[in-house]
2 protein chains.
Amino acid sequence: MSRSSTGKVRGTGRTTLEEVAAHAGVSTMTASRALSQPQLVSDATRTKVELAVVELGYVPNRAARALASAQSRVIVALVPSLSNVVFTAVLDGIHDAIEHGQYQLLIGNTRYSDAEEEKLLRTYLQSNPDGILLSGLTHSEQVERMLAGSRMPVVSMMDLADDPTELSVGFSQHDAGHAITRHLLDRGYRRIVFVGAQLDERTLRRADGYRQAMQAAGLADPRLEIMVPAPSTIALGAELMREALETLPDCDAVFFCNDDLAHGAIYYCQRHDIRVPQDVAIAGFNDLPASAWMVPSLTTIDTPRYRIGYEAASLLLDVIGGREPRERRIDLGFTLREREST
Amino acid sequence: MSRSSTGKVRGTGRTTLEEVAAHAGVSTMTASRALSQPQLVSDATRTKVELAVVELGYVPNRAARALASAQSRVIVALVPSLSNVVFTAVLDGIHDAIEHGQYQLLIGNTRYSDAEEEKLLRTYLQSNPDGILLSGLTHSEQVERMLAGSRMPVVSMMDLADDPTELSVGFSQHDAGHAITRHLLDRGYRRIVFVGAQLDERTLRRADGYRQAMQAAGLADPRLEIMVPAPSTIALGAELMREALETLPDCDAVFFCNDDLAHGAIYYCQRHDIRVPQDVAIAGFNDLPASAWMVPSLTTIDTPRYRIGYEAASLLLDVIGGREPRERRIDLGFTLREREST
DNA sequence: CTGAAAGCGCTTACAG
DNA sequence: CTGAAAGCGCTTACAG
């Protein structure tokens, strides 16, 4: 026992496993086994140790465990935003999928910045995570290199990797963009504007899907694409709706890259007595809760963001645990919600 | 060097500080100082060590650091929900306030459950956090006991502690509920319904504020209070609006405990040609982004949730760092937004 | 300004 | 089923 008469010189002062073992009358390593691999220990021993744990109020020291076992039981999740409900839903799913007590979750907000992602990753690598959840498929070279060097499992969230051996969970952003454009075309709209903000990789892929559908219909026109790097907000949606109507007076539909923008557009139209969809149709992306309720209700793509988080974390846990997953690329799909706005 | 000819028997296999020190031609402890307390080391030494770090791609092992220093540099934040934007905004603020690289954030979702809070806390205590951020002022006895036993600083978020020596950051939920009721009374509304959902402590305090204002005006009536334990959603807001109009046909205003419910109510009224505020006024709480844009725009209380997270984390970091804060109870206030719905 | 050495609190091949 | 002992990779009072 490393106590002087005046108490511990260093350390946290908390009860240690050594003390638990002494209290239970067993060796430290037996106490350790009784807690982490109880099946390797006799019932009597396990009971003695468990009793000692309760009596002494023992709380294991995770740092010591991580150091000795070279397993941190930490997983890292990096998302581009903590104010976008899409990504907080993903985190919600991840949180629910993690076996708490076993694994701990470290969350990082990259703010849609490669540099920030790199910085966070560098910091979090200090914790020697057992695995990492990343948003998106494209990352800086530095990040790719750090990941390759660390040899720890990485799951990409949101979109599907081209390579089916890479771990990814999401749905085809391209196909979803294509599907909603196809829907507008089927409804008879011809001059369909695409409005993209933030211009992250998901928005760009949705734009690709839009473009491909328009081309297939012989209706593509670069002037119909409004792309701004500013973050998506309701206010921006209202502003861009105004802009679209002003600069493209012959447009008959607008596909916004997400619901936040589309909501702003619908509110704008309400305030200016522009009839939706009679004067102009509006479509969004993500199916936020308000979309089904607002007037008119919003046509949009329902995306499985909570499930993406949940399934991505489950997949990562499988791989960490050495369980071969049924598939390494999990397509969760999307659902077109046809509503009043189109 | 503990390498056998076949490589490390245990450990992560990553470069260690010992190797960095050898490469730089200094002792391990000097290398340690060069990195964590560079001012204690000569320029020449620091340069040599920094070079070795880069050349070897050294990444410090946080578990070893935590174990040796008895300082985890971990802070824990517990919030009741990861789908409520109020709390994800709080987390956003916390995340931004943390000096990354220094401190790491462990997030827990208590799901508005005392039992869950207790379980998460028990788990997270294994990481020996340097401090904790909790949502709300009331916790289970078990939680209070664990916190008291651990002697680590705890900051309460959202509401203000009665005891000014306790660490708390937020605003008076009671006063805010009172203020918006007062506003409705000033506008001439008399039969003001209060609708509360979830029934967490914040909702109950807002209800108290409402009740007190109604009593002061001689207009209190228990039948005007609709309280349901279900979580707040737009759908529930629509449903409760219908219920209010049906069971209390003489009501002239409804104060919803949050904007999600109020949005549902406004959409409900739009769909049923109920004029707001002419037929019935509607008020909310939190000032979500849509509130200023919807038609009619929503009267509500603007709450500083991002700043609560930011200031709470800053306060905690001050206390952890031994810096005496100017005040231990930080009132961030709230702002009444008077809009079209009242 | 720099170093030798102990120690933080666990886990784990290896024996028995 | 149980144990002795080394080791994980850092930090830190204490000297000099």
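Note: hydrogens, waters and symmetry copies are ignored here, and every other heavy atom, side chains too, is used. As the structure is a prediction and not an experimental result, all values here were calculated from the model. Every chain is numbered from 1 and lettered A, B, ... according to where its sequence line falls, protein lines coming before strand lines.
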Counting side-chain heavy atoms from C-beta on, which of [options] comes nearest to [X]?
X	options	result
A:V26	D:dG3, C:dA5, C:dG9	D:dG3
A:T30	D:dC10, D:dG3, C:dC10	D:dG3
A:A68	D:dC8, D:dG9, C:dT2	D:dC8
B:S27	C:dG9, C:dG3, D:dT12	C:dG3
B:A64	C:dC10, C:dT11, D:dC10	D:dC10

Return the value, rounded to whole Å, for the distance between atom [atom1] of [X] and atom [atom2] of [N].
X	N	atom1	atom2	result
B:L40	D:dA15	CG	C1'	16 Å
B:R73	D:dC10	CZ	P	16 Å
A:D43	D:dC1	CG	C1'	11 Å
A:R65	C:dG9	CZ	C1'	12 Å
B:R62	D:dG9	CZ	P	17 Å
B:L67	C:dA6	CG	P	17 Å
B:N61	D:dG7	CG	C1'	13 Å
B:M29	C:dT2	CE	P	11 Å

Distance, nearest 0.5 Å, that separates OG1 of B:T30 from CG of B:L17: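 Answer rounded to 0.5 Å: 10.0 Å.
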
Base partner of C:dA13, which must satisfy Watson-Crick or wobble distances under 3.5 Å: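 With both distances under 3.5 Å required, C:dA13 matches none.
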
Any strand: nucleotide that pairs with D:dA4 via Watson-Crick or wobble, under 3.5 Å: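 D:dA4 is unpaired by these criteria.
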
Should [X] be listed as having a side-chain N or O under 4.0 Å from OP1 or OP2 of [N]?
X	N	answer
A:S42	D:dC1	no
B:T45	C:dT2	yes
B:S32	D:dT11	yes

Any donor-acceptor N or O pair under 3.5 Å, side chains A:Q104, B:S127: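 Present: a donor and an acceptor within the cut-off.
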
Donor-acceptor side-chain pairing of A:E18 and A:T28 below 3.5 angstrom: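 Per modelled atom types, A:E18 and A:T28 side chains form no pair under 3.5 Å.
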
Touch class at under 4.0 angstrom, heavy-atom based, for A:R33 against every strand present: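 Contact class for A:R33: base.
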
Pairwise C1' distance for C:dG16 and C:dT12, with rounding to whole Å: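 Their C1' atoms lie roughly 16 Å apart.
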
Parallel, tilted or perpendicular, as decided by the 30° and 60° cut-offs, for the rings of A:H100 and B:Y124: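 Perpendicular.
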
Carboxylate-amine/guanidinium contact A:D96 B:R111, below 4.0 Å: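 Looking at A:D96 and B:R111, the cut-off is met.
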
